[in-house]
Amino acid sequence: MEILAELELCRRLYKLHFQLLLLFQAYCKLIGQVNTIKNEAEVINMSEELAQLENILKEAESASENEEIDLSKAAQTTIETAIHSLIETLKNKEFISAVAQVKAFRSLWPSDIFGSCEDDPVQTLLHIYFHHQTLGQTGSFAVIGSDLDMSEANYKLMELNLEIRESLRMVQSYQLLAQAKPIGNLVSTGF
């Protein structure tokens, strides 16, 4: 019975080893992508631009309660045309109309790119705008809508990163030990 328990433990350790190997490979891929972004000529932070747009759109949302969109005209368009219309409306700073359009497009295409009726139209517009502005680009990011202090999360992530680095060093040292061939002709003198 004890041998079966040891055998089961070995099997589980074997599975764990390969799961850790997969985790390590995914981590290496992530680090590679971070290095690629770091080596890019420019990383674009759109947080401030989107935060300003978010404030404007929130004001427009409260003012758009009485704004109506002709659904018969909107029904004749495709989703791509509707998105283009939204982008043009945002570029022309017609924010009340943009919020009203999102609400109208939701009734035509529920649970599509425009979200569902329960979703915040401002967030939907921000996602569409960000996607359009960063189309074909790498290295763009935006952090919006967070009033939380992220320093604790940052600290925990840094600690986790250090623990993973130490674990990787240990794994590498074990790999070096496993690769080293034992020398059978060594004689100890006992000094």
Single-linkage hydrophobic cluster Tyr27~Val171, side-chain heavy atoms < 4.5 angstrom: no
Results of side-chain hydrogen bond (donor to acceptor under 3.5 Å, both in side chains) for Arg11 - residues two or more places apart only: none
Minimum heavy-atom distance between Leu86 and Ala98, given as atom pair plus value: CD2-O, 3.4 Å
Other residues, nucleotides, ligands: >12 heavy atoms within 6.0 Å of Glu48 CD: no
Value rounded to 0.5 Å, distance of OG in Ser85 from CD1 in Ile79: 13.5 Å
Interatomic distance, Phe24 atom CZ to Ile31 atom CD1 [nearest 0.5 angstrom]: 10.0 Å
CD-CG distance between Gln123 and Leu50, expressed to the nearest 0.5 angstrom: 9.5 Å
Considering all heavy atoms, the nearest Leu125-Leu90 contact: CD2-CD1, 4.2 Å
Inter- and intrachain pairs under salt bridge (charged side-chain N to carboxylate O under 4.0 Å, His left out), touching residues 105-122, at least two apart: none
Qualifying residues under side-chain hydrogen bond (donor to acceptor under 3.5 Å, both in side chains), relative to Ser167, sequence neighbours excluded: none
By side-chain contact (heavy atoms from CB on, under 4.5 Å) - contacts of Ala82 (at least two apart): Thr77, Phe105, Trp109, Phe114
For Glu94, all residues meeting side-chain contact (heavy atoms from CB on, under 4.5 Å), sequence neighbours excluded: Thr89, Asn92, Ser97
Euclidean distance, Phe95 CZ relative to Ile56 CD1, rounded to 0.5 Å: 4.5 Å
Ile87 CD1 to Gln133 CD distance, which is reported to the nearest 0.5 Å: 7.0 Å
Results of side-chain hydrogen bond (donor to acceptor under 3.5 Å, both in side chains) for Gln19 - residues two or more places apart only: none
Common cluster, Ile164/Leu20, ILVMFWY with side-chain heavy-atom separation under 4.5 Å: no
Test salt bridge (Lys or Arg N to Asp or Glu O under 4.0 Å) applied to Lys91 - qualifying residues, sequence neighbours left out: none
All side-chain contact (heavy atoms from CB on, under 4.5 Å) counterparts of Gln25, not counting sequence neighbours: Leu21, Leu22
Residues which pass side-chain hydrogen bond (donor to acceptor under 3.5 Å, both in side chains) with Glu49, listed by chain and number, not counting sequence neighbours: Tyr129
Side-chain (His131) to main-chain (His127) donor-acceptor, under 3.5 angstrom: no
More than 12 heavy atoms of other groups within 6.0 Å of Ile3 CD1: no
Straight-line distance of Leu126 CG to Leu53 CG, nearest 0.5 Å: 5.0 Å
